[in-house]
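To keep things clear, I will list the structure first and then write my remarks on it.
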Amino acid sequence: MSEDQSLNLVFLGAPGAGKGTQTKRLIKNFHFKHLSTGDLLRKLIQEKHPLGVKAKSYMDEGNLVPDSLMIDMIKTQMHQKKNIIFDGFPRTLAQAVALDEITHIDKVVFLEVAHQEVIQRLTGRRICKQCGFEYHVEFLPSKKGSVCEKCNGALYQRDDDQEEVIKKRLSVFTSLTAPLIQYYEGKLLRVQAMGTVEDIYQKITQGLGLSS
Ligand code: AP5
């Protein structure tokens with residue numbers, strides 16, 4: 001894809017489906033701007049920004065942050081209108097309608113994953129406080145135990161990666177976000193998101209007609 005082409009993508013999927021993993025790979029290889037609402041919210045929380053303070057209680061309980069806050073937040077991030085990957089937004093019908101008013105969406109990648117797999121992926125996830133690299137206690141443990149192999153930063157577990165909160169996030173996905181699958185029917189690329197990260201990435205790039 002060249003810089004003068006335009007492709008706006010939404011990544012849809014349950015918590016832990018691999019939205020962040022796959023979109024971060026795509027932005028490394030193509031000219032996309034990455035807009036992850038989860039990452040933006042966590043940054044605001046770290047900065048003790050009033051919106052972050054407000055959002056934290058919703059996030060810690062596995063609930064969605066109110067639509068009005070999320071839509072306003074996305075509007076402030078729209079410095080460009082093309083070649084954007086929306087990761088984790090929209091998550092409700094109201095957000096999808098608002099996004100259609102902000103910009104045109106070309107394709108929606110829906111990562112399909114079994115909920116049992118999500119629980120295993122997320123309960124074992126550990127993240128480096130310093131560089132953000134993600135480990136897994138079983139599948140990808142740090143050789144240095146509770147510190148990062150790459151930068152010696154401390155590893156932490158996200159507050160919402162506790163099993164009970166993950167279950168809540170999954171039920172919120174089913175009731176509020178899954179209806180978007182129908183909303184985006186004509187634009188949907190369904191991808192089975194079980195298997196290796198590389199195989200899933202290949203399915204996505206092929207499905208989107210992107211070649212590295
Ligand atoms: P957000 O940060 O968006 O979290 P999420 O979508 O619930 O889930 P994750 O980021 O955990 O999953 P992911 O699909 O990105 O998977 P990842 O690639 O990281 O949102 C957090 C909270 O913020 C929400 O609950 C809500 O409160 C709020 N929020 C955010 N956006 C909002 C919105 N629009 N409206 C309202 N509220 C909003 O992978 C997960 C793990 O699995 C990683 O450890 C990874 O290494 C591993 N993994 C990935 N792929 C594979 C694979 N193929 N095999 C094995 N392991 C894998």
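Whatever order the structure lists ligands and atoms in, that order sets their numbers, starting from 1. When a residue number appears, it is its place in the shown sequence, counting from 1. Computed over heavy atoms, backbone and side chain alike; hydrogens, waters and symmetry mates excluded.
The nearest heavy-atom contact from the protein to atom 12 (O) of ligand 1 is G16 N, 2.8 Å. The closest protein non-hydrogen atom to atom 42 (O) of ligand 1 is R121 CD, 3.3 Å. Annotation: atom 43 (C) of ligand 1 to nearest protein heavy atom, E134 OE1, 3.1 Å. The nearest heavy-atom contact from the protein to atom 16 (O) of ligand 1 is G18 N, 3.2 Å.
Residue G195 approaches ligand 1 through these ligand atoms, each under 4.0 Å from one of its heavy atoms: 52 (C), 53 (N), 54 (N). Under a 4.0 Å criterion applied to the non-hydrogen atoms of R42, ligand 1 contributes the atoms 2 (O), 21 (C). Residue-ligand proximity, G20 to ligand 1, at heavy-atom distances under 4.0 Å covers atoms 13 (P), 15 (O), 18 (O). Counting the atoms of ligand 1 from 1 in the order shown, those under 4.0 Å from a heavy atom of R125 are 9 (P), 11 (O), 19 (O), 40 (C), 43 (C), 44 (O). The distance from ligand 1 to the heavy atoms of M70 drops below 4.0 Å at these ligand atoms: 32 (C), 33 (C), 34 (N), 35 (N), 36 (C). Listed by number with element, the atoms of ligand 1 under 4.0 angstrom from any heavy atom of R169 are 4 (O), 5 (P), 7 (O), 8 (O), 9 (P), 11 (O). When each atom of ligand 1 is checked for a heavy atom of N63 under 4.0 Å away, the hits are 26 (C), 27 (O). Short contacts between ligand 1 and V197, defined as distances under 4.0 Å to a heavy atom of the residue, involve ligand atoms 50 (N), 51 (C), 52 (C), 53 (N).
Between F173 and F110, the ring planes lie parallel to each other; the angle is under 30°, not in the 30° to 60° tilted range. Ring geometry for F139 against H136 counts as parallel: the plane angle stays under 30°, on a 0 to 90° scale with 60° as the upper cut.
Only the side chain of I200 comes within 4.0 Å of ligand 1, counting heavy atoms alone; its backbone N, CA, C and O stay farther away. Of all the heavy atoms of K19, the ones lying under 4.0 Å from any atom of ligand 1 are found in both the backbone and the side chain. At a 4.0 Å heavy-atom cut-off, ligand 1 touches R158 through the side chain alone. With a heavy-atom cut-off of 4.0 Å, A14 touches ligand 1 through its backbone alone. When heavy-atom distances to ligand 1 are checked against a 4.0 Å cut-off, Q95 comes that close only through its side chain, counted from C-beta outward. Contact annotation: for M59 versus ligand 1, heavy atoms closer than 4.0 Å belong to both the backbone and the side chain.
For the residue pair Q120 and Q116, no side-chain donor N or O sits within less than 3.5 Å of a side-chain acceptor on the partner. Checked by atom type, the side-chain pair H34/D87 shows a donor-acceptor distance below 3.5 Å.
The closest non-hydrogen atom to atom 29 (N) of ligand 1, taken over L41, T37, L176, I127, comes from L41. Distances from atom 3 (O) of ligand 1 to the heavy atoms of K24, E61, R91, E117 put R91 nearest. Among T21, V65, D39, the residue whose heavy atom lies nearest to atom 37 (N) of ligand 1 is V65.
For the ligand labelled ligand 1, residue G13 lies outside the 4.0 Å heavy-atom shell.
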